[in-house]
Amino acid sequence: MEDRKGIQGKGIQGIRRIPLGIVATLATVVLASGGAAAWFTWRTLNPVKPPVAEFPVISQPESEAPVDPPIESSQTPTVPKPAQEAPPTAPAVQEAAGQIFWVKDVDGRLALSPESVSLPGSTSDEQLEAAFEALFSKPGNPSQDAVTTIPDKTQVLDVSVESDGVHVDLSQTFETGGGSTSMIGRLGQIVYTATALDPDAPVWISVEGKPLTLLGGEGIEVSQPMTRDDVKAAFDL
């Protein structure tokens with residue numbers, strides 16, 4: 001009996017003498033095994049659906065009007081040059097056919113002798129100025145044995161065509177030198193040349209701005225205005 005009790009006593013003590021570390025390890029394994037089994041059981045009953053991959057949606061940009069590229073600072077914007085206006089053209093020089101007048105002796109009588117000339121100018125005033133320049137530029141027309149009775153260095157100060165006739169302003173030299181025949185001849189030359197563009201136009205003659213009423217020392221009367229018919233009637237030219 002004693003031996004059995006002794007053996008039982010030793011068995012209990014032997015069990016008690018198992019190290020605590022082994023006991024802890026065994027407990028951990030048991031718990032782990034139970035936990036793994038529980039996790040496996042839960043996953044079997046509740047399967048997890050695989051995640052659906054999501055891709056970003058890229059929206060198509062709306063069409064936009066083309067944008068001009070910016071001008072770099074180093075570039076100077078090209079500014080279109082304004083259309084240049086054509087330079088004004090000078091008026092075309094016109095010419096008129098006219099006559100200037102000389103005097104010559106025809107059977108002992110004084111007569112006027114015409115010479116045809118071209119009168120450049122865009123206006124009647126310019127054309128008549130050209131006529132008097134041609135008359136004063138030479139002493140006569142040798143081809144017709146015609147001469148001038150107008151004193152040398154006589155100048156036309158102004159000539160204009162007005163509504164009441166042709167106005168001619170002469171320098172003081174026009175009244176100098178010569179007798180009555182010379183005075184009648186020069187008066188006829190002025191009146192006929194002044195009416196080269198219009199034979200019927202009346203002529204107003206002045207000297208240094210003053211109306212001419214008497215010409216020469218003998219006092220040849222000059223009517224104002226005077227026409228070609230007046231010259232013919234008064235002086236038989």
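The shown structure was predicted, so the numbers you read here are calculated from the model rather than taken from an experiment.
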Nearest-0.5 Å distance that lies between atom [atom1] in [X] and atom [atom2] in [Y]:
| X | Y | atom1 | atom2 | answer |
| --- | --- | --- | --- | --- |
| Arg109 | Lys104 | CZ | NZ | 11.0 Å |
| Trp102 | Leu135 | CH2 | CG | 5.0 Å |
| Phe235 | Ser180 | CZ | OG | 10.0 Å |
| Leu112 | Ile100 | CG | CD1 | 12.5 Å |
| Ser206 | Asp158 | OG | CG | 8.0 Å |
| Thr123 | Leu128 | OG1 | CG | 8.5 Å |

Should the heavy atoms of other residues, nucleotides or ligands under 6.0 Å from CD of Glu162 be counted, would the total exceed 12?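 Count over threshold, so yes.
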
For the residue pair Ile190 and Phe132, establish whether any side-chain heavy-atom pair is separated by less than 4.5 Å.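 Touching, per the 4.5 Å side-chain cut-off.
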
Side-chain heavy atoms of Leu215 within contact of Ile205, under 4.5 Å: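 Of all side-chain heavy-atom pairs linking Ile205 with Leu215, none is under 4.5 Å.
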
Closest approach of [X] to [Y] (non-hydrogen atoms, all atoms of both residues):
| X | Y | value |
| --- | --- | --- |
| Gln127 | Glu95 | NE2-C, 4.4 Å |
| Leu237 | Tyr192 | O-OH, 4.5 Å |
| Leu119 | Gly98 | CD1-CA, 3.9 Å |
| Leu197 | Ala96 | CD2-CB, 4.0 Å |

So, does [X] use its side chain to make a donor-acceptor pair with the main chain of [Y] at under 3.5 Å?
| X | Y | value |
| --- | --- | --- |
| Gln189 | Val103 | no |
| Gln224 | Thr213 | no |
| Thr173 | Thr154 | no |
| Ser223 | Met226 | no |
| Arg186 | Pro151 | no |

Salt bridge (charged side-chain N to carboxylate O under 4.0 Å, His left out) pairs, two or more places apart, involving [range]:
| range | answer |
| --- | --- |
| residues 121-138 | Glu115-Lys138 |
| residues 163-183 | none |
| residues 195-209 | none |

Leu187, Trp204: one ILVMFWY side-chain cluster at the under-4.5 Å cut-off?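 In one cluster with Leu187: Trp204, no.
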
Go through Ile220 and Leu214 one step at a time and tell me if the side-chain contact (heavy atoms from CB on, under 4.5 Å) criterion holds. CA-CA 5 Å; Ile220 297 177; Leu214 294 176; over 6 Å; no

